[in-house]
Amino acid sequence: MLYVGIDLGTSAVKLLLMDGAGKIQKIVSKEYPLYFPNPGWSEQNPEDWYEKSMEGLKELLADCDKSQVAGISFGGQMHGLVILDKEDQVIRPAILWNDGRTGEETDYLNHVIGKDKLSAYTANIAFAGFTAPKILWVKKHEPENFAKIEKIMLPKDYLAYRLSGTFCTDVSDASGMLLFDVEHKCWSKEMMDICGVKESQLAKIFESYEAVGTLKPELAKELGLSETVKIAAGAGDNAAAAVGTGTVGDGACNISLGTSGTIFISSEKFGVDENNALHSFAHADGHFHLMGCMLSAASCNKWWMDEILRTKDYAGEQKDIKELGKNHVFFLPYLMGERSPHNDPNVRGTFIGMSMDTTREDMTQAVLEGVVFGLRDSFEVAKSLGIKIERTKICGGGAKSPLWRQMVADILNIKVDIPESEEGPAMGGAMLAAVACGEYASVEEAAAKIVRVVDTVEPNPETAARYEEQYRKFRQIYPAVKALFPM
């Protein structure tokens with residue numbers, strides 16, 4: 001049978017067709033616009049997601065035996081606020097995960113309600129990108145829109161709703177809303193009261209690998225598919241990427257170098273770090289995970305290449321970077337503020353250490369290193385909890401760079417395993433669809449049979465030692481400049 005994974009990203013939707021053995025048959029990508037109505041704000045039109053997904057599905061399935069398509073599932077950008085009215089119309093543009101407008105609401109939740117209470121209710125504290133602060137922002141600044149809310153959704157769940165008619169979410173994506181009791185996998189009554197929402201406005205909760213319904217008859221006809229095609233709940237992009245790289249079970253690690261950057265540690269048991277620097281979320285495999293998330297990762301390099309250097313030759317800009325661990329230029333990768341571990345929506349990107357002999361390559365290298373140093377901040381929190389990580393999988397657009405992969409190995413001083421497929425959330429979505437359709441008995445079985453490691457990047461001991469000294473310097477920069485923001 002055939003399975004479709006839909007990765008609803010920030011800049012594009014990627015659709016992947018996989019057979020039952022895990023072989024990728026075809027990949028299609030469709031871009032859509034991103035809007036920045038004010039500095040630090042980030043929005044999209046949910047209708048764009050649906051239109052481009054349908055366009056992508058038609059192209060993806062054009063040449064296959066459509067009678068073999070059994071299931072569709074998702075990996076999607078997390079935390080975005082999608083609100084619908086009684087007529088199922090989108091009330092306002094979706095407020096995205098990297099939107100920083102909710103500083104006041106985040107402070108209210110953390111300091112008036114209190115971090116201890118939030119952690120007790122949800123296993124997490126408030127971050128500007130989370131969904132609950134966005135709801136409070138709409139309540140305060142757009143009361144007419146707040147009064148219209150009939151349904152509150154996350155981005156990928158809007159697609160699931162349009163395809164199946166089921167108002168649903170999954171445990172991994174719901175974990176990032178600050179409305180979900182992660183430990184008990186249910187909505188938090190206390191958080192609903194704080195945000196002024198009712199449970200009827202929130203979706204029915206599923207495990208990521210569960211079927212939520214079938215494809216709507218009219219859409220099945222439009223796509224040339226059977227009405228029995230199952231729609232599975234899917235997962236937040238990082239949990240879906242972890243499934244796609246086989247990061248399931250206890251103690252496995254995955255690093256994602258996508259628009260955002262994450263370090264993802266799977267666990268069979270629920271756990272919370274005492275400072276809530278890492279997110280404690282439910283995982284798509286039915287268990288739990290800890291995650292550190294930085295808001296700008298590969299997007300830092302995209303900004304540097306596209307907007308500053310004005311080139312698309314990413315590999316060409318990296319080819320002359322040879323001396324790792326010796327750069328005198330540092331870059332703080334906080335172009336959209338930062339989440340883990342600083343929780344500071346106001347901080348911005350910073351170069352420091354330039355001199356008259358600084359080269360173009362030095363600046364490019366600093367951008368790449370700054371992202372990995374930012375990931376190491378979360379890695380250090382995990383180590384402080386007694387979690388021992390000796391190797392990691394890697395995925396995301398940035399993972400295609402051999403130089404960046406070597407930096408991850410050297411700066412974290414761990415082995416980096418390269419999966420055969422670097423498709424991350426789309427692959428994970430297709431695997432979840434396969435589990436929902438009974439092709440595999442569990443997510444763990446699917447990962448064990450499908451995911452293959454094709455290469456391992458070893459850390460260079462001498463370079464790792466130099467980066468140890470570099471990282472100590474990097475850690476001093478944020479505390480030194482923090483008071484300068486917002487500017």
Has [X] got a side-chain atom pairing as donor or acceptor with [Y]'s backbone, closer than 3.5 angstrom?
{"X": "His279", "Y": "Ser175", "result": "no"}
{"X": "Lys115", "Y": "Asn275", "result": "no"}
{"X": "Asp285", "Y": "Val248", "result": "no"}
{"X": "Arg339", "Y": "Gly129", "result": "no"}
{"X": "Gln44", "Y": "Thr10", "result": "yes"}
{"X": "Arg405", "Y": "Ala399", "result": "yes"}
{"X": "Ser208", "Y": "Gly234", "result": "yes"}
{"X": "Asn98", "Y": "Leu295", "result": "no"}
{"X": "Thr122", "Y": "Leu178", "result": "no"}
{"X": "Asp19", "Y": "Gln25", "result": "no"}

Tell me the closest heavy-atom pair linking [X] and [Y], and the distance in Å.
{"X": "Ala12", "Y": "Ser29", "result": "CB-OG, 3.8 Å"}
{"X": "Trp97", "Y": "Thr259", "result": "CZ2-CG2, 3.7 Å"}
{"X": "Ala242", "Y": "Phe264", "result": "CB-CE2, 3.5 Å"}
{"X": "Met336", "Y": "Ser296", "result": "N-OG, 3.5 Å"}
{"X": "Asp237", "Y": "Met78", "result": "OD1-CG, 3.5 Å"}
{"X": "Trp41", "Y": "Phe36", "result": "O-CD2, 3.0 Å"}

So, is the end of the Lys185 side chain (NZ or CZ) under 6.0 Å from the ring centre of Phe288 and within 45° of the ring's axis?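 Yes, a cation-pi geometry.
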If you measure only the distance, is there a donor-acceptor pair under 3.5 Å linking the side chains of Asp116 and Ser119? no
For Asp306 and Tyr314, test the side chains for any donor-to-acceptor distance below 3.5 angstrom and give the result as yes or no. yes
Any salt bridge linking [X] with [Y]? Criterion: basic side-chain nitrogen under 4.0 Å from a carboxylate oxygen.
{"X": "Asp344", "Y": "Lys482", "result": "no"}
{"X": "Glu43", "Y": "Arg101", "result": "yes"}
{"X": "Lys52", "Y": "Glu59", "result": "no"}
{"X": "Lys156", "Y": "Asp170", "result": "yes"}

Would Asp313 and Thr311 count as a side chain to side chain donor-acceptor pair (under 3.5 Å) here? Give the steps. CA-CA 6 Å; Asp313 187 10; Thr311 177; 5.3 Å; no
Do [X] and [Y] have side chains that get closer than 4.5 Å, going by heavy atoms?
{"X": "Leu385", "Y": "Glu274", "value": "no"}
{"X": "Phe373", "Y": "Met294", "value": "no"}
{"X": "Leu257", "Y": "Leu375", "value": "yes"}
{"X": "Leu96", "Y": "Leu34", "value": "yes"}
{"X": "Asp7", "Y": "Met427", "value": "no"}
{"X": "Phe379", "Y": "Ile414", "value": "yes"}
{"X": "Lys415", "Y": "Pro459", "value": "yes"}
{"X": "Thr364", "Y": "Leu309", "value": "yes"}

Does atom [atom1] ([X]) have a neighbourhood of more than 12 heavy atoms from anything else shown, all under 6.0 Å?
{"X": "Glu445", "atom1": "CD", "result": "yes"}
{"X": "Glu462", "atom1": "CD", "result": "no"}
{"X": "Lys302", "atom1": "NZ", "result": "no"}
{"X": "Arg310", "atom1": "CZ", "result": "no"}
{"X": "Lys26", "atom1": "NZ", "result": "yes"}

Check: residues 432-440 side-chain donor-acceptor pairs under 3.5 Å, at least two apart:
unit_1	atom_1	unit_2	atom_2	d
Glu439	OE1	Tyr3	OH	2.5
Tyr440	OH	Gly20	O	2.5

Angle between ring planes, Phe130 versus Phe281, binned at 30° and 60°: parallel, tilted or perpendicular? tilted
Could you walk me through whether Gln318 and Leu368 satisfy the side-chain contact (heavy atoms from CB on, under 4.5 Å) test, starting with their C-alpha distance in whole Å, then the side-chain angles of each, then the deciding distance to 0.1 Å, before giving a yes or no? CA-CA 10 Å; Gln318 296 179 19; Leu368 302 177; 3.9 Å; yes
Hey, could you give me the SG/CD1 distance between Cys168 and Ile205, rounded to the nearest 0.5 Å?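 Between Cys168 SG and Ile205 CD1, I get 11.0 Å after rounding to 0.5 Å.
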Roughly how far, to the nearest 0.5 Å, is CG of Asp273 from OG of Ser340?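 CG of Asp273 is found 9.0 Å from OG of Ser340.
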Below 6.0 angstrom between ring centroids: does that apply to Phe127 and His79? no
Check: Trp304 ring centroid to Phe351 ring centroid under 6.0 Å: yes
CA sep, side-chain torsions, deciding dist, call: Glu380, Tyr471, side-chain contact (heavy atoms from CB on, under 4.5 Å): CA-CA 11 Å; Glu380 290 298 313; Tyr471 177 64; 3.6 Å; yes
Taking it one step at a time, do Leu412 and Ile255 satisfy side-chain contact (heavy atoms from CB on, under 4.5 Å)? CA-CA 11 Å; Leu412 272 59; Ile255 286 173; 3.5 Å; yes
Test side-chain contact (heavy atoms from CB on, under 4.5 Å) on Phe330 and Gln470 and set out the steps. CA-CA 9 Å; Phe330 290 85; Gln470 295 279 80; 3.6 Å; yes
